[in-house]
*Asks:* 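Attaching a single structure in structure tokens format; questions to follow.
Note that the structure is a prediction, hence the values are computed from the model and not measured.
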Amino acid sequence: MHLLSIYKFWHKSREMEMKHIVFYLTIGVVICEYEGLDPTGGVSAQNKLKIVDLFKVEDCGMQSQQDDVIHWNYKGMLLDGHVFDSGKFKATLGHFHVITGVDKGMRGLCVGDKRRMIIHSDWAYGDKGIPGTIPPKATLIFDVELTSIERNGKIENLEDKMKKPPVVSKDNKLKIEITHEAKECPLRSQQDDKIEWYYKGTFLDGTEFHSGMFTATLGHGHVITGVDQGMRGMCVGDKRRLIIHSDWAYGDEGRPGTIPPKATLVFDVEMKNIVRTSTKNEL
């Protein structure tokens, strides 16, 4: 049974004691790591919500607020990493369409922002949970990506944002957006370092053309110029978005069957390993 159906049944049975309607959330575009979570998830009866911003867009029009109709992608997990639901959802903020933790956690986001919300059971499904899906007194984790805001007849959505050309040109061939910085950094990537990283390559419309792991030595012509330049100065654990003009990618010809001619490329990357002579630093 879909979780929404379970929720409707659960909410009806608790109608007299529930103040808030409910829901859960988001995103598979981001890779989650739970090693840093303590057994409580960092929340308590006194501090019921913990917010970790995973990615902030530079171009922010509206920020989500009370009475906005918002759409988002979500992935809902328990503290052990078990995914209990994922998909897309729509709600009006402040109108009890979602559980309290979600309603509060989805505020202040720009379209395209990604966020992790860790929610105490008091602001989720309480002492009873949802039989067969959510354990009693469960702390929940939601990874979310805001895809649309509607306010007073005005709509801002992610699809339109993705169509806007990024700030790269023949004069400025590379734009670097820092999406996550490691807490510790004993070594930063530089010329002649052998590095290993995870990447996802997309076109401007968001279509993915390739993803995976890659290894190269910086400054030795192993990768396109935009990637070689964009992967410098990174620490293990750092994440970046590289927006690369075709001059520093696959040029006027592209790659037949894969990369169109004169294509601007977007790479989301995460540094996994840096080797410099005998020095090795792994994530």
Side-chain angles (χ1 to χ4, degrees), residues 23-34 36-37 41-43 48-77 83 85-95 97-119 123 140-152 154-167 175-183 198 200 202-208 237-243 266-270:
F23 217 65
Y24 26 87
L25 315 67
T26 213
I27 182 159
V29 189
V30 180
I31 299 174
C32 305
E33 297 169 356
Y34 300 96
L37 292 177
V43 295
K48 303 180 194 296
L49 175 64
K50 180 179 179 180
I51 289 174
V52 180
D53 286 318
L54 303 174
F55 176 74
K56 300 290 290 183
V57 299
E58 292 186 353
D59 179 18
C60 182
M62 296 188 287
Q63 284 189 310
S64 54
Q65 63 184 33
Q66 174 74 23
D67 297 324
D68 283 348
V69 178
I70 62 172
H71 297 72
W72 67 94
N73 300 319
Y74 72 91
K75 180 165 68 174
M77 298 157 282
V83 177
D85 198 33
S86 63
K88 302 176 184 292
F89 201 69
K90 170 186 175 181
T92 304
L93 291 175
H95 289 248
H97 293 174
V98 291
I99 54 175
T100 304
V102 168
D103 189 276
K104 292 184 178 294
M106 292 301 296
R107 297 173 186 238
L109 285 167
C110 307
V111 171
D113 281 355
K114 300 176 183 179
R115 175 175 284 181
R116 175 172 296 161
M117 302 178 293
I118 305 170
I119 305 172
W123 278 6
L140 305 182
I141 302 171
F142 290 102
D143 280 350
V144 302
E145 178 185 33
L146 188 65
T147 58
S148 178
I149 299 175
E150 301 175 25
R151 181 188 304 160
N152 300 325
K154 183 180 178 181
I155 300 175
E156 184 176 327
N157 61 62
L158 187 58
E159 184 177 353
D160 289 342
K161 249 187 174 181
M162 290 295 291
K163 291 178 181 178
K164 293 180 180 179
V167 188
K175 181 179 180 182
I176 296 174
E177 297 177 358
I178 297 172
T179 57
H180 176 75
E181 290 185 305
K183 292 182 180 179
Y198 171 82
K200 182 174 74 170
T202 59
F203 300 119
L204 290 180
D205 64 0
T207 301
E208 180 179 329
D238 280 358
K239 299 178 183 180
R240 288 180 177 179
R241 172 166 289 176
L242 310 178
I243 305 171
V266 181
F267 286 95
D268 288 311
V269 300
E270 178 181 6

*Asks:* Can you tell me how far apart CZ (Arg116) and CG (Asp53) are? Round to the nearest 0.5 Å.
*Replies:* 11.5 Å

*Asks:* Is the count of non-hydrogen atoms from other residues, nucleotides or ligands lying under 6.0 Å from Glu181 atom CD greater than 12?
*Replies:* no

*Asks:* Determine whether Arg107 and Leu93 make a side-chain contact, defined as any pair of heavy atoms from C-beta on separated by less than 4.5 Å.
*Replies:* yes

*Asks:* Quick check against the 3.5 Å criterion: does Arg240 have a side-chain atom that pairs as donor or acceptor with the backbone of Thr179?
*Replies:* no

*Asks:* If we ignore hydrogens and angles and just use 3.5 Å, is the side chain of Ser64 paired with the main-chain N or O of Gly108 as donor and acceptor?
*Replies:* yes

*Asks:* Is the closest side-chain heavy-atom distance between Val98 and Phe89 below 4.5 Å?
*Replies:* yes

*Asks:* Indicate yes or no: at least one non-hydrogen side-chain atom of Asp238 is less than 4.5 angstrom from one of Glu270.
*Replies:* no

*Asks:* Please determine whether side chain to side chain contact (heavy atoms under 4.5 Å, CB included) holds for the pair Phe142 and Ile99, giving the CA-CA distance in whole Å, both sets of side-chain angles, and the decisive distance to 0.1 Å.
*Replies:* CA-CA 12 Å; Phe142 290 102; Ile99 54 175; 4.1 Å; yes

*Asks:* Could you check whether any side-chain N or O of Asp160 sits under 3.5 Å from a backbone N or O of Asn157, counting only pairs where one atom can act as donor and the other as acceptor?
*Replies:* no

*Asks:* Measure across Phe55 and Arg241 and return the closest heavy-atom pair with its distance rounded to 0.1 Å.
*Replies:* CZ-NH1, 3.8 Å

*Asks:* Should the pair Lys154-Glu156 be classified as a salt bridge under the 4.0 Å nitrogen-to-oxygen rule?
*Replies:* no

*Asks:* Could you state the interatomic distance from CH2 (Trp123) to CG (Leu49), rounded to the nearest 0.5 Å?
*Replies:* 6.0 Å

*Asks:* Step by step, would you call Ile51 with Arg115 a side chain to side chain contact (heavy atoms under 4.5 Å, CB included)?
*Replies:* CA-CA 7 Å; Ile51 289 174; Arg115 175 175 284 181; 3.3 Å; yes

*Asks:* Hey, are the side chains of Val269 and Lys239 touching, using non-hydrogen atoms and a 4.5 Å cut-off?
*Replies:* no

*Asks:* Taking side chain as C-beta onward, heavy atoms only, is Val43 less than 4.5 Å from Lys50?
*Replies:* yes

*Asks:* Short question: side chain of Asp68, backbone of Arg151 - any donor-acceptor pair under 3.5 Å?
*Replies:* no

*Asks:* Considering non-hydrogen atoms only, spot the tightest contact between Leu158 and Glu145 and give its length.
*Replies:* CD2-OE2, 3.6 Å

*Asks:* Under the side chain to side chain donor-acceptor pair (under 3.5 Å) test, which residues partner Glu208, sequence neighbours left out?
*Replies:* Ser211

*Asks:* Between Leu109 and Ile149, what is the shortest heavy-atom contact and its length?
*Replies:* O-CD1, 3.8 Å

*Asks:* For the atom pair OG (Ser148) and NZ (Lys88), what is the distance rounded to the nearest 0.5 Å?
*Replies:* 11.0 Å

*Asks:* With the side chain counted from C-beta on, respond yes when Phe203 and Val266 share a heavy-atom pair under 4.5 Å apart, and no when they do not.
*Replies:* no

*Asks:* Which residue, Gln63, Met106, His71, Lys114, forms the side-chain contact (heavy atoms from CB on, under 4.5 Å) with Leu146?
*Replies:* Met106

*Asks:* So Ile119 and Val102, do their side chains get closer than 4.5 Å, heavy atoms only?
*Replies:* yes

*Asks:* Roughly how far, to the nearest 0.5 Å, is the NE2 atom of His180 from the CG atom of Asp268?
*Replies:* 14.0 Å

*Asks:* Taking side chain as C-beta onward, heavy atoms only, is Glu150 less than 4.5 Å from Ile70?
*Replies:* no

*Asks:* Would you say the side chains of His95 and Asp67 form a donor-acceptor pair under 3.5 Å?
*Replies:* yes

*Asks:* Once you round to the nearest 0.5 Å, how far does CD1 of Ile243 lie from CG of Leu204?
*Replies:* 8.0 Å

*Asks:* Please round to the nearest 0.5 Å and tell me the distance separating atom NZ of Lys56 and atom SG of Cys110.
*Replies:* 5.0 Å

*Asks:* In this structure, are over 12 heavy atoms from other groups packed under 6.0 Å from Lys104 atom NZ?
*Replies:* no

